[in-house]
Amino acid sequence: MEELRGRTTRRLEIALEGAPAGWASAVAGTRVVEARHNRYTLEVEEQVPVREILSAAQTHGDIVHFAWRESSLTEIFREAVTA
C-alpha cells in the first residue's frame, strides 16, 4: 500500500483565515482540487518546494492548518486505473 501511495499525486491541505477567494489558484506548480470555506486541497507538482507554497499562503492570510494529506484508497485506485 505504501508503494502505491508513494506513486500518487502529492496533496497539501491548507486552511487560512482572512484569505481572499481564489488565492490558491495563483500558486505556481499547484492545482486546486477542493476549496471549501477557508480550507483548500492542492495537488502539488513534485519539483515545487513546500516553502514556496507556505510563503504564498502566509501572504494571503493566517495559517490555521498546513499538512500533507495521504491519498484515499479511492484516489489511489483512480490514479492506478487511469495511468
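Checking each of Leu12, Ile14, Val33, Val32 against Thr41 for a side chain to side chain contact (heavy atoms under 4.5 Å, CB included) leaves exactly one that passes, namely Val33.
Closest non-hydrogen pair, Leu42 versus Ala24, comes out as CD2-CB, 3.8 Å. Between Thr30 and Ile53, the shortest heavy-atom contact is CG2-CD1, 3.9 Å. The nearest pair of heavy atoms linking Arg10 to Glu45 is NH2-O, 3.0 Å. Between Pro20 and His60 the shortest heavy-atom distance is CD-O, 3.6 Å. The two residues Gly22 and Tyr40 have their closest heavy-atom pair at N-OH, 4.4 Å.
Glu43 CD to Glu34 CD: the interatomic distance, rounded to the nearest 0.5 Å, is 11.5 Å. Here Gln58 contributes atom CD and Arg51 contributes atom CZ; the two are 13.0 Å apart, rounded to the nearest 0.5 Å.
Inter-residue side-chain proximity for Val50 and Val44 is flagged as unmet; no heavy-atom pair is nearer than 4.5 Å. The shortest distance between side-chain heavy atoms of Trp23 and Thr59 does not fall below 4.5 Å.
If you chain together hydrophobic residues whose side chains sit under 4.5 Å apart, Val64 and Trp68 never meet in one group.
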